[in-house]
Visitor: 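Encoded as structure tokens, here's the structure I'll be asking about.
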Amino acid sequence: MPGAYHQLLDATIGHLESLKQRGVRYVDASPESLSLLAEPAAQERTATPTSQAASTIIVQRHDEPSVYDSPKLTAADKEFAMTKLRHEALACTQCEPLVATRTQVVFGVGTVHADLMLIGEAPGLDEDKEGEPFVGAAGQLLTKIIEATGLDRDKVYIANILKCRPDTPGKIYGNRKPRPEEMETCFPWVKRQIEIIQPKVMVALGGTAVEGLLGEMPSGITRMRGNWQAYRGVPVMPTFHPSYLLRNQSWTIKRHVWEDMMQVMERLNMPISEKQRSYFQRR
Ligand code: URA
């Protein structure tokens with residue numbers, strides 16, 4: 001995406017000028033923000049995420065420092081850092097087969113000020129077309145689940161482990177699971193998203209999201225769901241992927257997902273009404 005850095009710079013200058021016109025004389029800018037601005041645009045050199053090249057083995061992620069140890073960003077710094085990251089990610093060309101077949105990079109949606117981040121697997125056909133995660137049938141179900149907690153899509157942040165739709169050579173429809181080397185190559189993007197947002201809680205939607213986040217899958221999603229995990233200090237609730245709910249209309253599976261979401265609500269100190277508690281109780 002040529003010129004993206006300059007677009008970003010222009011937007012920043014425009015914003016500062018409008019503040020000046022409104023009489024604002026000083027703005028808070030952390031050293032991190034200033035160094036981001038001073039840094040020549042990575043995407044204009046080459047779209048290179050910060051991480052090493054693809055490896056076929058998913059690395060363990062436990063050794064890295066807590067996400068909360070990174071310097072606290074101001075609201076404006078968060079917005080700025082995420083906009084910059086988005087520009088870089090949209091220009092990523094690391095996975096050639098995915099670049100060749102994708103319509104666009106599906107970066108993420110929601111607010112950088114979210115307490116809750118939901119992480120899925122990879123964009124499907126609809127997401128590839130729209131450029132937004134979880135907009136197809138599974139996405140509509142996810143939106144309902146989010147709304148059932150009292151939140152909505154604008155109050156959370158939704159992203160995928162893989163930012164491009166996995167290619168399905170020879171097929172027009174259908175999805176495939178991301179390959180370990182694809183997840184590893186793409187991970188730096190979601191890693192930065194998490195570092196910028198510093199969410200209080202994350203929900204990993206399905207086994208692939210758990211594997212992508214934790215770097216391992218100690219047991220299947222059926223055993224892991226409902227049991228808190230952690231990604232660099234951030235509590236992670238594994239639950240079933242909404243696509244699985246669509247394929248498997250079992251009452252018990254739906255109840256499990258709702259129980260997992262209630263654990264998330266409790267962790268976020270969100271109120272839970274009697275009606276919410278009894279959604280999936282058998283009458
Ligand atoms: N499934 C996912 O995991 N992510 C999406 O964005 C859509 C469907």
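Read the numbers this way: they start at 1 and go in the same order the structure lists the ligands and their atoms.
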Visitor: Could you see if Val99 belongs to whatever hydrophobic cluster contains Leu90? Use Ile, Leu, Val, Met, Phe, Trp, Tyr and a side-chain cutoff under 4.5 Å.
Guide: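 Different clusters: Val99 never reaches Leu90 through Ile, Leu, Val, Met, Phe, Trp or Tyr contacts under 4.5 Å.
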Visitor: Determine whether more than 12 heavy atoms belonging to other residues, nucleotides or ligands lie under 6.0 Å from atom NZ of Lys177.
Guide: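 Result for NZ/Lys177: enclosed.
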Visitor: Which ligand 1 atoms are under 4.0 Å away from a heavy-atom of Gly120?
Guide: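 Taking each heavy atom of Gly120 in turn, ligand 1 has 3 (O) under 4.0 Å.
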Visitor: Step by step, would you call Phe134 with His241 a ring-ring contact (aromatic ring centres under 6.0 Å, His included)?
Guide: CA-CA 11 Å; Phe134 284 100; His241 193 285; 5.5 Å; yes
Visitor: Show your working on salt bridge (charged side-chain N to carboxylate O under 4.0 Å, His left out) between Arg102 and Asp167 and close with a plain yes or no.
Guide: CA-CA 8 Å; Arg102 78 184 180 202; Asp167 59 335; over 6 Å; no
Visitor: Should Phe134 be counted as touching ligand 1, given the test is an N or O pair under 3.5 Å?
Guide: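 Yes.
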Visitor: Consider ligand 1: state whether an atom of it lies below 4.0 angstrom from any non-hydrogen atom of Glu132.
Guide: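 It does not; every heavy atom stays at 4.0 Å or beyond.
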Visitor: Decide salt bridge (charged side-chain N to carboxylate O under 4.0 Å, His left out) for Glu147 and Lys144; before the verdict, give the C-alpha distance in whole Å, the side-chain angles of both, and the deciding distance to 0.1 Å.
Guide: CA-CA 5 Å; Glu147 287 173 354; Lys144 279 192 194 159; over 6 Å; no
Visitor: Which is closest to atom 5 (C) of ligand 1 by heavy-atom distance: Pro133, Ala138, Ala122?
Guide: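 The residue whose heavy atom sits nearest atom 5 (C) of ligand 1 is Ala122.
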Visitor: With a cut-off of 4.0 Å, which atoms of ligand 1 are near a heavy atom of Glu121?
Guide: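 So the atoms of ligand 1 that pass are 2 (C), 3 (O).
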Visitor: Can you tell me which residue and heavy atom of the protein come closest to atom 4 (N) of ligand 1, and the distance to 0.1 Å?
Guide: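 Minimum-distance protein heavy atom for atom 4 (N) of ligand 1 reads Asn160 OD1, 2.8 Å.
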